[in-house]
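Bear in mind that the values here come from a model prediction, so they are computed numbers and not experimental data. Note on naming: letters A, B, ... go to the chains in the order of the sequence lines (proteins, then strands), and numbering restarts at 1 for each one.
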Amino acid sequence: MAGLSRYIVIRASLIVPTILILYTFVFILLRVLPGDPILAVVGTRYIPPAQLEEMRRMAGLDKPILVQYFDYLLGVILRGDFGKTLASPVGKPVSEYLWERLPATIELTIASFIVASLIGFITGVGGALRRGSRLDTLIRIYSILTYTLFIPVLGMGLQYLLGLKLKLFYISGRLSPGIHVPKVTGLLLLDSLLAGDLSAFTDALRHIVLPSLTLGIVLSGAYTRLIRNNLIEVLNSDFIRAYRARGIPDHRVTMYAIKNAFIPVVTYMGLQIAMLLGGAILTETTFSWPGLGRFIYERIEYRDYSSIQGAVILFAFIVGLMNLVVDIMYALIDPRVKY
Amino acid sequence: MGGKSLRCISRSLIAILIVIVVIIAGLAAYFILRAPAPVAPKPIVIGVTDKVTDLDPSNAYDFFTWEVLSNIMEGLVRYKPGSLDLEPALAESWSVSSDGMTWTFKLREGLKFADGTPLTAGDVVRSINRVMAISGDPSWLVVEFVDKVEAPDNYTVVFKLKQPTPFFLTLIATPPYFPVHPAYAPESIDSDQTAGGAGPYKIARFQRDVEIVLEPNPYYYGDKPKSSIVIRFYADATSLRLAIEGGEVDIAWRTLRPTDIEELSKKADLKVIEVPGTFIRYICINTRMPPFDNKLVRQALAVAINRTEIISIALRGAGTPLYSLVPIGMWSHVDAFKEKYGDYNVELARNLLRQAGYSEENKLAVELWYTPTHYGDTEKDIAALLKQQWEAVGLIEVTVKSAEWTTYVSYIRNGQLPVYLLGWYPDYLDPDNYLTPFLLSTANSWAGTGYANETVDELLKQASSIVDQSKRELTYINVQRLYLAEDVPYIPIFQGKLYIVIRQDIEGVVPNPIMLMYYWPIYRK
């Protein structure tokens, strides 16, 4: 147990340098880009020069670069202060936006993860068990095709077909106008069930289907290939032959094989969190989904340094945390992992 | 045995999976397709790609936020729906002193904010002093004109101005002059404050960048709105178009592309209303950057533009050729460029360039800049057409470049761009707002043209304080004809039109030349 605790502590401590490197990279990148948050807001409007300078001073942009860097970093570490927005509206705590938008992204991420996993599992297992067949060929083509899909294009295609033409699902937003769900977790599907409002649940479900299908399909190809290849490898391994030789029923052998094939998939799922969050930016923009991804996209246009830095740090923390959870699960599942 | 068993297993597995999928699909179909419970009367949903930046008029300085503020608040005067005429609003009457320095407004009796709190002259004074103290983006609209504001009694508001301002009523109609609820923070910007003002609507719910829900204000003095309104924010024109086509919104406004408008106008369940616009598009020329410091070069570029072609091809007709910075329909407008140069005169352009020393062997090199998304998707096409037209002169070579908005603005303010496209939405509807910010040397640094002319400065300062309308008009006409069209620091191209796409069962939408939609007349048949 002491070994596991040490393992967890070491793995957890790796989150810190990850966030630090990412923050530094984003900090530099934002300041290298031409334009600044004040001009992004002011645009071509007439603002007296003295007022422009005052706006820069109030935003802290008159301070030396290193001071800005450490001010922000220490604010996040010591006070959980992600700074204030530098653009439209100016001066709002960034953390308010982050906590307000995060549930929408989490909900979309979870739903997309379920879609990707389900599709990946079904097609991966099917392809492995029917190796060499026409079905297997189709599944392999599908897994390659998903790599070429561009989220906005797939998203708009699904919006047009399933939203506009067949009118099965809604093409944007999280809820229809006039429907309100009391906030408990911010996850509308869960909150509507907690409120006992089945109409709101249905409405929220019809809104989340298309964006989660879009992101889920794009990411499912990787699962398909991983599960298929792992399962084929495991099915050909010695211990499976040994099980069969001992007369263990085939369906149980297959279940053992699937369980073993899943161990590397669990690790991959941790990495997928980062891809899901990254893919959320495009998905949320395409579907006007009010999550953190769309928030980052909009704030980049404003050069809102605080908002972008805050969102990136939060994303990095979430990814680090999820990878830590996956590492712990992996250590518990796989007896070969030493700690 | 292994192969046969594997096939049996895989068949069983697939069968189990199919059963699970059918069960899930059945449940999903039940939930999705069942009729929802009856709900309250449907609000009218307006889709936009703009944003509400700040619910505080002391700091809000963009068109769409002003539209929302104009519906949840009201000023002492307002524009008559569908017109550029001002009419009484919170004030029932007003007078101005003979020297033009003192404006006195009489408030209606019984005015209240959206929660029933009485609104008096003291609230008007409080609100305007608040704008001056906070010094937000649009505060100059108050600070540069108002010396002080007083309330000698509960129904009288007196403005003492810094100089005679004949267009003061147009300023009063802008949101920085709107009285705000006492709940607004007195000394700081209150961006998410939903207490509003004394307009036809109150905010029921506001989720930034997602939606804003407006309900009729029960205490509004005038005609009550016919419907609740929900405004939904979309990321781009494509999403908005899909939303109006799919029936998720009832009104699509600001901003669809010309191609979208064209196609949506053919749909049987939709109708398109054209809104006469007061926004203008123009080319800026950096008069301090060689060779554009040569007036002949600037004139040649102005003369070689075919506005009709640009409007027809790039905008699908969504614009009107413009020959001055003052828009068509506004008093003092003259077609200054057309009067001086005619319309699209390639031969004249050649002559001017030859006088400037250019030839087929020594062509004028022009770097033309645009920004790809800020003014919509048509910018690239406009730039491409300008390149084509200028190169058709035979003595010009054009390189087209672009930068995204924030970078673009930075380059402009630093005077780094030679020739570039820009647009202007007015702050207030007066020729002063179309000439002073562009031509007054102490006010035009934002435009990056570096234009400075002492005579023009003097004329504009005089015109902004002359009370006599006819003298003002003559001054502005002279500025357009003798200086703008002669010196050419800007080349006006077109005056824009906006379009509203509406479902067939929606009535009451009145297109306003001020380009702000009033929601209260709108209803569902």
Side-chain angles (χ1 to χ4, degrees), chain A residues 33-36 39-49 51 54 88-92 97 100 122 125-126 129-130 156 159-160 163-164 167-174 176-180 198-199 201-203 205-206 244 250-251 254 285-288 290 294-295 297-298 301-303, chain B residues 2 5-6 8-10 12-14 17 28 31-32 34 36-37 39-40 42-43 45 51 53-54 59 61-62 135 137 140 189 191-192 205 207-211 213 230 232-236 238-239 242-243 245-246 248 403-407 409-413 422 424 437 443 445-447:
Chain A
L33 278 175
D36 70 36
L39 286 185
V41 169
V42 166
T44 52
R45 289 174 314 202
Y46 167 63
I47 303 284
Q51 194 175 342
E54 177 61 17
S88 296
V90 175
K92 277 191 67 67
Y97 279 109
E100 189 186 301
I122 294 171
V125 169
L129 295 181
R130 292 277 208 212
M156 279 190 255
Q159 280 174 320
Y160 184 75
L164 208 56
K167 294 197 186 321
L168 286 176
F169 306 108
Y170 293 109
I171 61 174
S172 59
R174 293 181 83 193
S176 295
I179 296 183
H180 178 61
L198 278 182
S199 286
F201 176 80
T202 309
D203 191 80
L205 191 62
R206 290 182 73 184
R244 288 197 190 114
D250 275 347
H251 69 275
T254 307
T285 309
T286 304
F287 289 92
S288 297
R294 190 171 152 203
F295 176 70
Y297 174 79
E298 287 163 358
E301 204 179 323
Y302 286 125
R303 301 286 192 280
Chain B
S5 293
L6 261 179
C8 287
I9 290 159
S10 71
S12 308
L13 202 58
I14 288 168
L17 286 169
F31 278 117
I32 287 167
R34 72 183 203 156
V39 293
K42 225 173 130 192
V45 185
K51 298 272 182 290
T53 53
D54 221 309
N59 199 45
Y61 201 9
D62 61 281
S135 267
D137 289 358
W140 71 275
I189 299 168
S191 305
D192 287 346
R205 198 165 65 251
Q207 198 179 352
R208 186 170 284 287
D209 301 337
V210 179
E211 68 176 19
V213 179
V230 174
R232 297 211 113 177
F233 303 103
Y234 289 85
D236 51 44
T238 304
S239 308
L242 287 171
E245 279 192 273
E248 283 185 19
E404 63 81 40
W405 179 244
T406 306
T407 309
V409 160
S410 175
Y411 287 162
I412 290 170
R413 282 186 179 260
L422 273 184
W424 179 258
S445 59
W446 62 271

Query raised in the report: Looking only at heavy atoms, which two atoms of B:D192 and A:K92 are closest? And how far apart?
Result: OD2-NZ, 2.5 Å

Report task. Using a 4.5 Å cut-off on heavy atoms from C-beta on, say whether the side chain of B:S239 contacts that of A:S288. Result -> yes

Query raised in the report: Going by atom types only, do A:S176 and B:R232 share a side-chain donor-acceptor pair under 3.5 Å?
Result: no

Query raised in the report: Residues in salt bridge (charged side-chain N to carboxylate O under 4.0 Å, His left out) with B:K51, at least two apart?
Result: A:E298

Requested in this report: Indicate the atoms forming the closest heavy-atom contact of B:F233 with A:R294, along with that distance.
Outcome: O-NH2, 3.3 Å

Query - Interchain contact, B:R205 with chain A, by part (heavy-atom threshold 4.5 Å) - result: side chain

Report summary line: NZ (A:K167) and CD (B:E248) are apart, to the nearest 0.5 Å, by 9.5 Å

Report task. Look at A:F295, A:Y97, A:Y297 and state which one has the largest set of heavy-atom pairs under 4.5 Å with chain B. Result -> A:Y97

Report summary line: salt bridge (charged side-chain N to carboxylate O under 4.0 Å, His left out) filter on B:D209, not counting sequence neighbours, yields A:R101

Query - Considering all heavy atoms, the nearest A:L164-B:L242 contact - result: CD1-O, 3.5 Å

Query raised in the report: Which heavy atom in B:V45 sits nearest to a heavy atom in A:P177, and how many Å separate them?
Result: CG2-CG, 3.5 Å

**Report entry** Heavy-atom closest pair, residues B:A235 and A:T285
**Finding:** CB-O, 3.3 Å

Query raised in the report: OH/A:Y160 to OG1/B:T238 distance, rounded to the nearest 0.5 angstrom?
Result: 13.5 Å

Query raised in the report: Tell me, side chain or backbone of B:E404 under 4.5 Å from chain A's heavy atoms, or both, or neither?
Result: side chain

**Report entry** Contacting moiety of B:V230, where chain A heavy atoms sit under 4.5 Å
**Finding:** side chain

Report task. Pick whichever of B:D54, B:T53, B:V213, B:T406 has the most heavy-atom pairs under 4.5 Å with chain A. Result -> B:T406

